[in-house]
> 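Could you have a look at this structure, given as structure tokens, before my questions?
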There are 2 protein chains.
Amino acid sequence: MRGRNPFDGKPQMTLRDVAEAAGVSEMTVSRVLRQRGDVSEKTRERVFAAARQLGYVPNKIAGALASNRVNLVGVVIPSLSNMVFPDVLGGIGEVLGETSLQPVIGTSRYDPEQEEKVIYEMLSWRPSGLIVSGLEHTDAARAMMANAGIPVVEVMDVDGEPVAAAVGISHEAAGRAMAREIAARGYRRIGYLGSSSIADHRAQKRLKGFREGLAEAGLGLADECFYEGSSGFGTGRGMAEEILTRTPDLDFLYFNTDMNAVGGLIYCLEKGYSIPDQIGLAGFNAFEVLDGLPMRIATMDSKRHEIGRKAAELIASGELTDEIVTLEPEFQPGDTVRDG
Amino acid sequence: MRGRNPFDGKPQMTLRDVAEAAGVSEMTVSRVLRQRGDVSEKTRERVFAAARQLGYVPNKIAGALASNRVNLVGVVIPSLSNMVFPDVLGGIGEVLGETSLQPVIGTSRYDPEQEEKVIYEMLSWRPSGLIVSGLEHTDAARAMMANAGIPVVEVMDVDGEPVAAAVGISHEAAGRAMAREIAARGYRRIGYLGSSSIADHRAQKRLKGFREGLAEAGLGLADECFYEGSSGFGTGRGMAEEILTRTPDLDFLYFNTDMNAVGGLIYCLEKGYSIPDQIGLAGFNAFEVLDGLPMRIATMDSKRHEIGRKAAELIASGELTDEIVTLEPEFQPGDTVRDG
DNA sequence: GTGAAAGCGCTAACAG
DNA sequence: CTGTTAGCGCTTTCAC
């Protein structure tokens with residue numbers, strides 16, 4: 001006897017079992033269950049009855065091997081706890097939901113080596129497409145993506161060299177645009193608060209663009225503050241306290257993400273700062289969950305949902321495209337910056 | 001020629017290709033790549049070299065069919081946007097990360113029919129285990145789970161009849177415990193604010209337990225307020241406004257989730273209520289992201305992470321167990337209830 | 001230490 | 001409309 005999965009308590013039904021029960025060939029059963037080809041109403045019913053009766057669940061492993069078709073789309077993201085990525089997945093799910101394709105999620109924990117492994121695992125299932133977050137990957141990962149022979153889309157970012165297709169925003173442009181908004185509103189003593197992780201490529205690009213935008217206006221960063229670990233109200237609050245203690249004359253705090261910015265806002269409100277006159281604040285992402293707070297934080301919409309949708313559309317098209325889709329982040333002044 | 005997947009741009013490498021390149025049999029290549037059996041160091045190296053050179057990626061579909069072994073664990077949850085579930089997934093990922101098993105996530109969008117479909121899809125890949133959120137499923141889904149022949153664990157809830165194993169908390173007990181805490185602290189005019197969806201079984205159970213707990217103390221609900229759609233600061237804020245306008249003498253607001261409770265807290269602070277004396281508030285879940293707000297909301301830890309870990313451990317054990325693991329939710333008074 | 005043969009459960013292609 | 005045949009790429013088993 002052949003090896004059995006130790007978990008296989010009961011033997012699984014096969015097409016053959018259904019075929020015998022219905023008194024037809026395996027092929028006919030296969031056709032009925034996949035709604036392919038013409039089958040008489042009579043046999044069709046008998047087959048369905050037999051299948052239901054036996055509790056038959058098709059074996060997609062076998063089907064995929066025989067047909068060389070796998071209706072899965074690999075999606076590789078850094079994490080599920082950062083709200084950015086569930087939003088992207090939502091967009092992907094919406095679009096794929098209208099097709100026969102199914103997303104399969106893998107997480108890299110912000111680690112390129114881990115990402116490489118996950119991509120390898122995914123490709124070994126021969127999916128119909130692959131969506132990967134970001135443009136920075138190990139050489140091996142890039143090689144795998146380039147040679148996968150399936151549509152591959154890198155999402156979130158367009159500042160760099162995609163392997164094939166890419167859908168995202170320019171984070172450099174987003175940082176630059178925010179700098180212009182801030183400068184145009186008369187803020188002059190500006191602090192940046194963000195992650196110390198150089199692996200957070202997109203935040204680094206926003207910071208780069210931000211500096212450039214400030215430079216255009218003859219400004220520079222008056223101070224910077226970095227954190228390790230995860231973003232959150234507490235993190236933002238702590239950073240605001242630190243930077244304002246060190247450099248009390250700041251009149252603007254630019255955060256790497258809304259979650260931190262809201263923490264900073266809370267701190268400033270508590271300390272009695274007048275917002276947005278005495279001090280302004282801005283974040284990034286435009287998280288909807290934050291609607292309902294006393295003040296809306298100034299931010300820039302990172303278009304996460306739309307990125308997911310567009311990426312899924314590229315995959316669903318089946319084309320091996322290398323199209324680059326650049327979406328425009330949208331500035332939302334909220335209540336924490338002065339009027340321009 | 002056989003049918004090809006339209007996405008198959010380039011032909012994929014097979015074991016045979018590697019075998020030819022290395023000048024050995026397919027079997028030897030297979031053994032080397034899976035680190036099974038004894039292979040001489042020499043051939044081992046040649047095989048690795050050939051595989052790397054050709055960019056070989058094994059075909060797990062074929063491997064799984066031949067070995068009747070699939071290292072995937074299906075995880076079916078309602079949604080990824082509700083922070084509850086990423087937390088559970090985190091716990092699952094931690095435990096499975098130390099095994100050869102990989103989680104595959106599917107979402108039901110709080111729809112039993114959709115859930116049934118997702119479970120069917122997952123089982124058709126013959127995974128090594130299945131984790132499903134909640135105890136309420138269609139009959140067909142229950143039948144599939146019961147007959148899957150793999151370890152199946154229902155998570156989050158233990159108030160009901162699990163198909164096999166279950167890991168969770170008793171939401172009725174959680175509601176009851178919260179009622180006791182509130183009553184013991186002298187609150188008497190209590191309002192409930194939650195979802196109108198009867199499909200939110202766990203919130204319904206908490207409400208049931210809550211009523212029972214109040215009744216024990218000779219109390220009842222003074223008013224109730226329900227919302228449709230998703231939870232959030234804005235939702236909680238709106239509900240608080242509505243219920244306090246209608247029933248101004250309430251001295252406690254019990255929310256179905258922390259996200260709404262914080263919205264209610266913001267409203268009460270704005271309106272100048274003295275918290276926790278004039279009015280108390282409580283939520284449910286103990287979301288960490290909320291740390292850093294001016295006041296910590298009273299809540300009960302739903303033990304999401306631990307639930308995920310324990311469920312994954314049951315799956316990883318490989319046993320077809322029907323163990324029921326009941327975790328104890330933990331009351332956290334925060335700053336929004338009076339001292340007991 | 002290595003290879004040859006058989007077959008996992010299903011579907012493509014073709015025949016009737 | 002239905003059946004037969006071959007084979008997907010890999011692993012198991014058994015032989016050497």
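Naming: A, B, ... by sequence-line order, numbering from 1 per chain. Note that the structure is predicted; figures quoted are calculated from it, not measured. Heavy-atom basis, side chains included; hydrogens, waters and symmetry copies ignored.
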> Contact list please: residues 25-32 of chain A against DNA chain D, heavy atoms, distance less than 4.0 Å, in numerical order.
Ser25(A), Met27(A), Thr28(A), Arg31(A)
> Rounded to whole Å, please give me the gap between CH2 in Trp125(B) and P in dG9(C).
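One finds 16 Å between P of dG9(C) and CH2 of Trp125(B), rounded.
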> Just jot down the side-chain hydrogen bond (donor to acceptor under 3.5 Å, both in side chains) partners of Ser108(A), sequence neighbours excluded, or say none.
none
> Can you list, in residue-number order, the parts of residues 37-59 of chain A that come under 4.0 Å of DNA chain D, counting heavy atoms only?
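Result for residues 37-59 of chain A: Asp38(A), Val39(A), Ser40(A), Thr43(A), sorted by number.
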> Among residues two or more places apart or on two chains, list those pairs meeting side-chain hydrogen bond (donor to acceptor under 3.5 Å, both in side chains) that have a residue in residues 47-58 of chain B.
none
> OP1 or OP2 of dT11(D) versus the side-chain N and O atoms of Arg69(B): is any pair under 4.0 Å?
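Arg69(B) to dT11(D) OP1/OP2: no side-chain N or O under 4.0 Å.
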> So, Ser30(B) and Arg34(B): side-chain donor and acceptor under 3.5 Å apart, yes or no?
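Present: a donor and an acceptor within the cut-off.
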> Find the distance Asp17(A):CG to dC8(C):P and express it as a whole number of Å.
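In whole Å, dC8(C) P lies 12 Å from Asp17(A) CG.
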> Between the two ends of the helix from dG1(C)-dC16(D) to dG16(C)-dC1(D), what is the bend in degrees, rounded to 10 degrees, where each end axis spans five pairs?
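Answer for the end axes of this duplex: 30°.
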> Just the rounded figure in Å: distance from C1' of dG3(D) to CZ of Arg16(A).
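Whole-Å distance recorded here is 14 Å.
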> Throw together a table of side-chain donor-acceptor distances under 3.5 angstrom for residues 99-107 of chain A, partners on residues two or more places apart or in other chains.
from: Thr99(A); atom 1: OG1; to: Leu96(A); atom 2: O; distance (Å): 2.8
from: Thr99(A); atom 1: OG1; to: Leu101(A); atom 2: N; distance (Å): 2.9

> Check salt bridge (Lys or Arg N to Asp or Glu O under 4.0 Å) between Glu26(B) and all other residues, then give those that pass, not counting sequence neighbours.
Arg16(B)
> If you check the Ala62(B) side chain, which of dG9(D), dT12(D), dT11(C) turns out closest?
dG9(D)
> Who are the salt bridge (Lys or Arg N to Asp or Glu O under 4.0 Å) partners of Arg309(A), not counting sequence neighbours?
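For Arg309(A), the residues satisfying salt bridge (Lys or Arg N to Asp or Glu O under 4.0 Å) (neighbours in sequence not counted) are Glu94(A).
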> How long is the line joining CG of Leu65(B) and P of dA6(C), in whole Å?
18 Å
> Which donor-acceptor pairs under 3.5 Å do side chains of residues 154-166 of chain A form with protein atoms, sequence neighbours excluded?
from: Glu154(A); atom 1: OE1; to: Val163(A); atom 2: N; distance (Å): 2.5
from: Glu154(A); atom 1: OE2; to: His137(A); atom 2: NE2; distance (Å): 2.8
from: Asp157(A); atom 1: OD1; to: Asp159(A); atom 2: N; distance (Å): 2.9
from: Asp157(A); atom 1: OD2; to: Lys205(A); atom 2: NZ; distance (Å): 2.4
from: Asp159(A); atom 1: OD1; to: Ser170(A); atom 2: OG; distance (Å): 2.8
from: Asp159(A); atom 1: OD2; to: Ser170(A); atom 2: OG; distance (Å): 3.3
from: Asp159(A); atom 1: OD2; to: His171(A); atom 2: N; distance (Å): 2.9
from: Asp159(A); atom 1: OD2; to: Glu172(A); atom 2: N; distance (Å): 2.9

> What side-chain donor-acceptor pairs closer than 3.5 Å can you find for residues 76-88 of chain A, not counting sequence neighbours?
from: Ser79(A); atom 1: OG; to: Ser81(A); atom 2: N; distance (Å): 2.9
from: Ser79(A); atom 1: OG; to: Ser81(A); atom 2: OG; distance (Å): 3.2
from: Ser79(A); atom 1: OG; to: Asn82(A); atom 2: N; distance (Å): 3.4
from: Asn82(A); atom 1: OD1; to: Val84(A); atom 2: N; distance (Å): 3.1
from: Asn82(A); atom 1: ND2; to: Tyr110(A); atom 2: OH; distance (Å): 3.3
from: Asp87(A); atom 1: OD2; to: Arg304(A); atom 2: NE; distance (Å): 2.8
from: Asp87(A); atom 1: OD2; to: Arg304(A); atom 2: NH2; distance (Å): 3.0

> Please report, rounded to the nearest Å, how far the P atom of dG9(C) is from the CD atom of Gln12(A).
10 Å
> List for me each residue that meets side-chain hydrogen bond (donor to acceptor under 3.5 Å, both in side chains) alongside Thr321(A), sequence neighbours excluded, and say none if there are none.
none
> Nearest whole angstrom, please: distance from the P of dT13(D) to the CG of Asn68(B).
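For the pair Asn68(B) CG and dT13(D) P, the rounded distance is 12 Å.
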> Shortest non-hydrogen contact from Glu323(A) to Leu314(A)?
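Minimum heavy-atom separation between Glu323(A) and Leu314(A): OE1-CD2, 3.7 Å.
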> Locate the shortest heavy-atom distance separating Val29(A) from Val18(A); write the atom from each residue and the value.
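What the structure gives for the nearest pair is CG1-CG1, 3.7 Å.
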> Can you tell me if the side-chain N/O atoms of Arg126(B) get under 4.0 Å from OP1 or OP2 in dC8(C)?
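Looking at the OP1 and OP2 atoms of dC8(C), neither is under 4.0 Å from any side-chain N or O of Arg126(B).
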> Taking atom P of dT2(D) as reference, at what distance in whole Å does atom CG of Leu15(A) sit?
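Roughly 16 Å, once rounded to whole Å.
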> Measure from CD1 on Ile61(A) to C1' on dG7(C) and round the result to the nearest Å.
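Computing the Ile61(A):CD1 to dG7(C):C1' distance gives 16 Å.
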> Going by the salt bridge (Lys or Arg N to Asp or Glu O under 4.0 Å) test, which pairs reach into residues 105-125 of chain A, not counting sequence neighbours?
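Every salt bridge (Lys or Arg N to Asp or Glu O under 4.0 Å) pair that includes a residue of residues 105-125 of chain A, provided the two are not neighbours, is Glu121(A)-Lys60(B).
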> For dT2(D), does either OP1 or OP2 sit under 4.0 Å from a side-chain N or O belonging to Arg36(A)?
no
